[in-house]
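These notes are about the structure you will find just below.
Throughout, protein chains are lettered first and strands after them, A, B, ... in sequence-line order, and every chain is numbered starting at 1.
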Number of protein chains: 2
Amino acid sequence: MALLVGRHVNKIDKKGRVSVPKSFRASFDGQGFSGIYAYPSFKFPAIEACGEAFMQRISASLEKMEMFSEEQDDLAAAILESAHALPFDPEGRIVLPPPLLAHAGIDGEALFVGRGAQMQIWNGDNYEKHRQQALQRARSRGATLQLSPALPTEGPS
Amino acid sequence: MALLVGRHVNKIDKKGRVSVPKSFRASFDGQGFSGIYAYPSFKFPAIEACGEAFMQRISASLEKMEMFSEEQDDLAAAILESAHALPFDPEGRIVLPPPLLAHAGIDGEALFVGRGAQMQIWNGDNYEKHRQQALQRARSRGATLQLSPALPTEGPS
DNA sequence: TAGTCACCCATTGACGCCCATATTTACCCA
DNA sequence: TGGGTAAATATGGGCGTCAATGGGTGACTA
């Protein structure tokens with residue numbers, strides 16, 4: 001699956017529709033459901049979204065954790081319960097439900113942020129503040145990254 | 001994968017296109033995505049770029065920490081979120097987005113610098129200053145390099 | 001029956017593709 | 001060993017296509 005990277009700003013029209021960037025959309029097709037799953041982020045005033053494949057992973061993780069970590073259980077459960085399945089229209093647009101818009105403080109414009117396998121949808125101003133803080137923390141920490149070992153070309157992670 | 005070494009200066013045309021040096025280009029093909037991922041360098045006024053394989057590693061690192069580690073999350077996210085997927089055109093050129101050009105102070109000409117598995121793209125003057133400083137530091141420190149043992153290869157003798 | 005939602009069509013502006021040219025590099029032959 | 005020639009890379013510009021956007025209309029629902 002192609003990676004989701006970068007940022008894209010798209011407009012929300014009067015009917016509440018917003019185009020999902022083509023490059024993101026491309027990552028989600030061929031997953032059974034033509035659309036995305038969106039749910040409010042825990043940590044940020046933002047919407048998190050992913051395709052069906054990733055949602056399956058979340059669901060699977062939930063089942064695994066159940067008997068061990070109550071916290072994880074709550075967390076994953078909250079994701080599934082607050083998630084919305086948002087189908088693409090023929091032009092590749094979705095309609096973000098009011099509760100999600102409210103949570104992220106989005107109105108008029110939506111900022112799509114690629115996070116690898118998932119994406120986030122932000123209010124532009126809120127994201128900028130968040131980003132500055134994140135970069136600040138990264139710099140003060142010395143900006144090193146412990147990379148996972150190289151994948152063996154294509155093995156199952 | 002062939003190593004990226006040396007420096008190349010290429011022109012940016014009116015449409016913002018730059019040829020990626022052929023030798024660099026060759027290192028990035030056969031990775032699924034025909035193009036490079038570019039993001040601003042943390043430490044320098046330069047653009048860093050890599051192929052899909054390297055980006056996948058960053059994404060995998062991020063997924064592992066998800067919902068837990070804020071630090072790793074910040075850093076990996078800062079890279080992924082600031083990254084741009086830049087596809088090659090049929091002639092092997094890419095278009096550097098304005099934000100990246102601004103970060104590196106590039107205009108008119110781009111200096112490609114091989115860094116082994118990755119590459120950097122600089123403004124020529126900035127790079128020269130940076131390089132002098134680096135050499136200066138290396139000299140004053142009496143820089144020595146402890147070589148790792150030769151890798152076991154399948155080559156003759 | 002009114003309202004909402006899903007699909008269809010039209011516009012436009014950016015971007016990718018194609019072709020042409022120039023400059024460099026590599027190679028061959030005298 | 002030098003020049004000349006051929007191939008390949010770098011560069012420039014035009015044009016068609018597609019993604020993003022806006023609006024309209026019919027169908028289904030409450």
Side-chain angles (χ1 to χ4, degrees), chain A residues 2-30 33-38 49 51 84-101 106-114 119 121-124, chain B residues 2 4-29 32-38 47 49 52 83-102 106-114 119 121-124:
Chain A
L3 283 175
L4 272 48
V5 300
R7 304 186 289 270
H8 304 263
V9 178
N10 282 342
K11 287 177 189 162
I12 300 178
D13 67 22
K14 284 181 241 170
K15 299 160 127 182
R17 300 174 299 186
V18 59
S19 286
V20 175
K22 176 62 167 47
S23 58
F24 287 14
R25 220 155 55 209
S27 292
F28 294 136
D29 58 9
F33 165 61
S34 175
I36 63 174
Y37 291 89
H84 299 251
L86 309 178
F88 292 138
D89 76 2
E91 282 75 37
R93 289 174 289 197
I94 57 174
V95 175
L96 293 169
L100 291 183
L101 289 173
I106 294 175
D107 171 47
E109 275 190 352
L111 172 65
F112 291 80
V113 180
M119 66 184 183
I121 308 174
W122 287 78
N123 164 301
Chain B
L4 274 48
V5 297
R7 302 189 289 270
H8 303 262
V9 178
N10 281 343
K11 285 177 190 162
I12 301 178
D13 67 22
K14 282 182 248 173
K15 297 162 94 176
R17 299 175 299 188
V18 208
S19 285
V20 175
K22 176 63 163 68
S23 58
F24 287 15
R25 220 156 54 208
S27 291
F28 293 132
D29 58 9
F33 165 62
S34 175
I36 63 174
Y37 289 88
I47 301 167
E52 172 147 30
H84 299 253
L86 308 178
F88 292 138
D89 76 3
E91 283 74 37
R93 289 175 289 195
I94 57 173
V95 176
L96 293 170
L100 291 182
L101 290 174
I106 294 175
D107 171 46
E109 276 190 352
L111 171 64
F112 291 80
V113 181
M119 67 181 184
I121 308 174
W122 287 78
N123 164 303

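For B:Asn10 (side chain) and B:Ser19 (main-chain N/O), a donor-acceptor pair under 3.5 Å exists by modelled atom type. A:Ser27 places a side-chain N or O within 3.5 Å of a backbone atom of A:Ala2 that can act as its donor or acceptor partner.
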Next item on the list: Check step by step if side-chain contact (heavy atoms from CB on, under 4.5 Å) holds for A:Phe112 and A:Leu4.
Entry: CA-CA 10 Å; A:Phe112 291 80; A:Leu4 272 48; over 6 Å; no
Next item on the list: Applying side-chain contact (heavy atoms from CB on, under 4.5 Å), run through B:Ile47 and B:Ile106 and close with a yes or a no.
Entry: CA-CA 10 Å; B:Ile47 301 167; B:Ile106 294 175; 4.0 Å; yes
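Between A:Ala85 and A:Tyr37, the shortest heavy-atom contact is CB-CE2, 3.9 Å.
For the pair B:Lys14 and D:dG13, the criterion of a side-chain N or O lying under 4.0 Å from OP1 or OP2 is met. One finds a side-chain N or O of A:Lys22 lying less than 4.0 angstrom from the OP1 or OP2 phosphate oxygen of D:dA19.
Between the P atom of D:dA10 and the CZ atom of B:Phe88 lies a distance of 11 Å, rounded to the nearest Å. Between the NE2 atom of B:His8 and the C1' atom of D:dT9 there is a distance of 12 Å, rounded to whole Å. To the nearest angstrom, P of D:dT21 lies 12 Å from CD1 of A:Ile94. Atom CG in A:Asp13 sits about 11 Å away from atom C1' in D:dA20, given to the nearest Å. Rounded to an integer number of Å, the gap from CD of B:Glu91 to C1' of D:dT9 is 11 Å. Atoms NZ (A:Lys11) and P (D:dA19) sit 18 Å apart, rounded to a whole Å. The separation between A:Ile12 atom CD1 and D:dT21 atom C1' is 13 Å, rounded to whole Å. Here D:dC15 presents its P atom at 18 Å from CG of B:Asp89, a figure rounded to the nearest Å.
With respect to B:Leu101, the side-chain contact (heavy atoms from CB on, under 4.5 Å) criterion is satisfied by exactly one of B:Asn123, B:Leu96, B:Asp107: B:Leu96.
B:His8 is listed as a side-chain neighbour of B:Ser23, based on a closest heavy-atom distance under 4.5 Å. With a 4.5 Å cut-off on side-chain heavy atoms, A:Leu86 and A:Val20 do not count as touching. Looking only at side-chain heavy atoms (C-beta outward), B:Leu100 and B:Ile121 stay at 4.5 Å or farther from each other.
When DNA chain C is scanned 5' to 3' for any atom under 4.0 Å from a heavy atom of chain B, the first and last hits are C:dG16 to C:dC19.
Across all strands shown, A:Pro21 has heavy atoms under 4.0 Å from sugar-phosphate atoms exclusively, and none from any base. Nucleic acid contact for A:Val20: sugar-phosphate only, since backbone atoms but no base atoms lie under 4.0 Å from a heavy atom of the residue.
Taking the screw axis at each terminus of the helix from C:dT1-D:dA30 to C:dA30-D:dT1 from five consecutive base pairs, the angle between the two is 40° to within rounding of 10 degrees.
Which of D:dG13, D:dA10, D:dT21 sits closest to the side chain of A:Ser19 comes down to D:dT21.
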